[in-house]
2 protein chains.
Amino acid sequence: MEEKLVKFESAFSIDCVIFGFEAGELKILLIERKDNPFKDWLALPGDLVKNHEGIEESAERILYELTGLRDLHMEQFHTFGDVNRHPRGRIITVAYYALIRIDGQRELKPGNFAKKALWHSVNDLPKLAYDHTEIFKTGFTKLRRRLSYQPIAYELLPEKFTLTQLQQLYEAILNKKLDKRNFRKKMLSYGFLKELDEKQKNVSFRAAKLYKFDRRKYSKIFQNELGVDIDNP
Amino acid sequence: MEEKLVKFESAFSIDCVIFGFEAGELKILLIERKDNPFKDWLALPGDLVKNHEGIEESAERILYELTGLRDLHMEQFHTFGDVNRHPRGRIITVAYYALIRIDGQRELKPGNFAKKALWHSVNDLPKLAYDHTEIFKTGFTKLRRRLSYQPIAYELLPEKFTLTQLQQLYEAILNKKLDKRNFRKKMLSYGFLKELDEKQKNVSFRAAKLYKFDRRKYSKIFQNELGVDIDNP
DNA sequence: ACAAAAGTGTTAAAGCTACACCCATGA
DNA sequence: TCATGGGTGTAGCTTTAACACTTTTGT
């Protein structure tokens with residue numbers, strides 16, 4: 001373009017609702033803030049977007065800094081821009097959710113603003129800093145809706161999982177009981193679950209068959225359904 | 001809070017995809033830019049968010065300045081924040097769509113950046129300024145999805161409408177033909193369409209019955225379905 | 001042997017799809 | 001009287017919902 005560039009100072013941030021599934025419960029990752037404002041409160045992980053950083057890029061950076069994980073499914077779900085949402089000035093925030101496999105071994109690195117990062121059950125959250133409670137609720141609603149038309153559950157489960165685990169996850173997200181037989185029938189009918197020659201180990205009862213999600217088959221089955229790009233609908 | 005406020009300069013804007021339905025076609029409102037960058041290009045109506053203006057408020061202001069309409073259904077659908085999306089600097093934009101009843105009489109006031117505002121069929125759009133083509137496409141996809149679980153069609157039709165008009169609108173949004181009998185059966189089965197004692201006028205064929213959308217009945221029927229707030233799902 | 005979860009079918013109801021003709025009206 | 005869209009029913013198929021017992025395994 002022929003005109004000079006105008007330089008603005010960034011005034012936007014990213015906040016992330018990071019979902020995980022553990023012990024039959026849906027959880028999110030929260031940090032405990034070490035500085036004001038909201039010192040000692042729990043908050044969603046987030047940061048200002050840097051000047052030469054796209055917002056997707058920024059969301060991925062924040063997640064990486066906290067969890068050491070890259071290339072996860074992140075999805076922007078809403079932008080919050082009330083004038084007074086941030087006590088330090090006019091900062092609007094773009095909210096993303098991420099789905100990750102909780103791995104007890106992985107060490108979480110809380111980063112600059114946080115004392116520690118911990119998993120909290122979505123059913124038992126305290127009041128969060130800023131407008132983060134509202135952000136969480138909006139994100140959870142979007143996740144729930146998305147579950148009905150996208151195979152996102154598999155991002156939260158280990159690579160190999162049992163049908164009961166899958167069902168528990170659906171129940172945790174949808175917050176209702178499902179019928180075991182109907183659930184299995186339906187999931188298997190889609191044809192994108194691959195039954196493995198393996199079973200659960202170290203359980204004190206009959207071991208269940210393990211399955212994995214076959215992304216190839218999924219894409220083949222649902223490609224161009226309504227002309228919608230499956231990875232960006 | 002005890003600390004001093006930090007003042008940022010705003011660097012975000014709103015862009016609006018304004019849908020209307022006319023002559024059996026789904027249309028959007030575009031402005032022709034009168035200044036650089038993108039002088040003479042078509043663009044979505046948009047503006048910078050003012051310093052003391054919430055983003056919803058800003059979206060409503062922009063729509064009002066352009067159309068003279070207030071209190072319309074506006075829905076935020078995505079935020080676009082590529083580093084280079086705007087030639088003048090780092091400006092991220094929050095995109096909204098609005099649904100309006102096209103009224104041939106209403107005068108559109110294009111505002112500061114625009115020479116004129118005109119309706120364009122969604123099936124025949126030229127390349128738009130900035131990343132507005134992408135913004136439009138994303139918005140259209142979200143609109144289409146939303147149609148399947150929210151009664152948004154009624155925002156686009158006149159208060160009194162025929163079932164054929166309703167069907168044409170669905171066909172325009174979903175971009176496919178629907179079966180007349182099945183469509184009517186289904187719409188009427190919901191129970192929130194009120195049949196009026198009135199018929200179409202000034203048509204050169206058998207006049208069709210007029211219906212209107214009964215928002216009260218709708219709310220009663222669908223309240224708390226899955227615990228989701230119907231106006232903010 | 002018992003506790004715990006795995007695994008498995010059938011039936012009825014509801015919803016969806018496909019399909020074609022007569023009717024009312026104004027020109 | 002003709003052209004135009006308005007208005008209507010049925011049958012087959014698919015999908016969903018409700019429902020309970022036997023099997024396997026480890027302790």
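If you're wondering where the values come from, they're calculated on a predicted model, not measured in any experiment.
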Next on the checklist: Tell me whether Glu75(A) is salt-bridged to Arg146(A), with the criterion being a basic N under 4.0 Å from an acidic carboxylate O.
Outcome noted: yes
Measure all distances between protein nitrogen or oxygen atoms and nitrogen or oxygen atoms of nucleotides 10-16 of chain C, and list the pairs falling under 3.5 Å.
| residue | atom | partner | partner atom | Å |
| --- | --- | --- | --- | --- |
| dT10(C) | O4 | Lys185(A) | NZ | 2.9 |

Checklist outcome for this item: In whole angstroms, the gap separating C1' of dA20(D) from CG of Asp179(A) amounts to 11 Å
Item to check | Side-chain donor-acceptor contact under 3.5 Å, Glu134(B) with His132(B) | outcome: no
Next on the checklist: Whole angstroms only, please: what is the CG-C1' distance between Leu188(B) and dG9(D)?
Outcome noted: 14 Å
Item to check | Close side-chain approach of Tyr170(A) to Met187(A), heavy-atom, < 4.5 Å | outcome: yes
Item to check | Separation of atom CG in Asn202(B) from atom P in dG5(D), rounded to whole Å | outcome: 16 Å
Item to check | Check ion pair Asp214(B)-Lys194(B) (N to O, under 4.0 angstrom) | outcome: no
Checklist entry - Does Lys180(A) get its side chain close enough to the base of dG7(C), under 3.5 Å, for a donor-acceptor pair? => result yes
Item to check | Within 6.0 Å of CD in Glu65(A), more than 12 heavy atoms from elsewhere | outcome: yes
Checklist entry - How about Arg184(A) and Thr164(A): does a side-chain donor come under 3.5 Å of a side-chain acceptor? => result yes
Checklist entry - Do Glu198(B) and Lys160(B) sit within salt-bridge range, that is, some charged N less than 4.0 Å from a carboxylate O? => result yes
Next on the checklist: Looking at Lys177(B) and Glu171(B), is there a salt bridge between them, counting it only when a charged N and a carboxylate O are closer than 4.0 Å?
Outcome noted: yes
Checklist entry - Taking NZ from Lys177(B) and P from dA18(C), how many angstroms apart are they, rounded to a whole number? => result 15 Å
Item to check | Nearest-angstrom distance from the residue atom CD of Gln200(B) to C1' of dG5(D) | outcome: 9 Å
Checklist entry - Between Phe183(A) (CZ) and dT16(D) (P), how many Å, whole number? => result 13 Å
Next on the checklist: What I want to find out is whether Glu195(A) reaches Lys209(A) closely enough, with some N-O distance under 4.0 Å, to be called a salt bridge.
Outcome noted: yes
Next on the checklist: Short of 4.0 Å, heavy atom to strand atom, which residues of residues 159-172 of chain B count as contacting DNA chain D?
Outcome noted: Thr164(B)
Checklist entry - Counting just side-chain N and O atoms, does Arg184(B) come under 4.0 Å of either OP1 or OP2 of dG7(D)? => result yes
Checklist entry - Is there a donor-acceptor contact under 3.5 Å linking the side chains of Glu56(A) and Tyr96(A)? => result yes
Checklist entry - Would you call Glu155(B) and Arg215(B) a salt bridge, using N to O less than 4.0 angstrom? => result yes
What N/O pairs connect the protein and nucleotides 22-27 of chain C at under 3.5 Å? Give each pair on its own line.
| residue | atom | partner | partner atom | Å |
| --- | --- | --- | --- | --- |
| dC23(C) | O2 | Arg206(B) | NH1 | 3.0 |

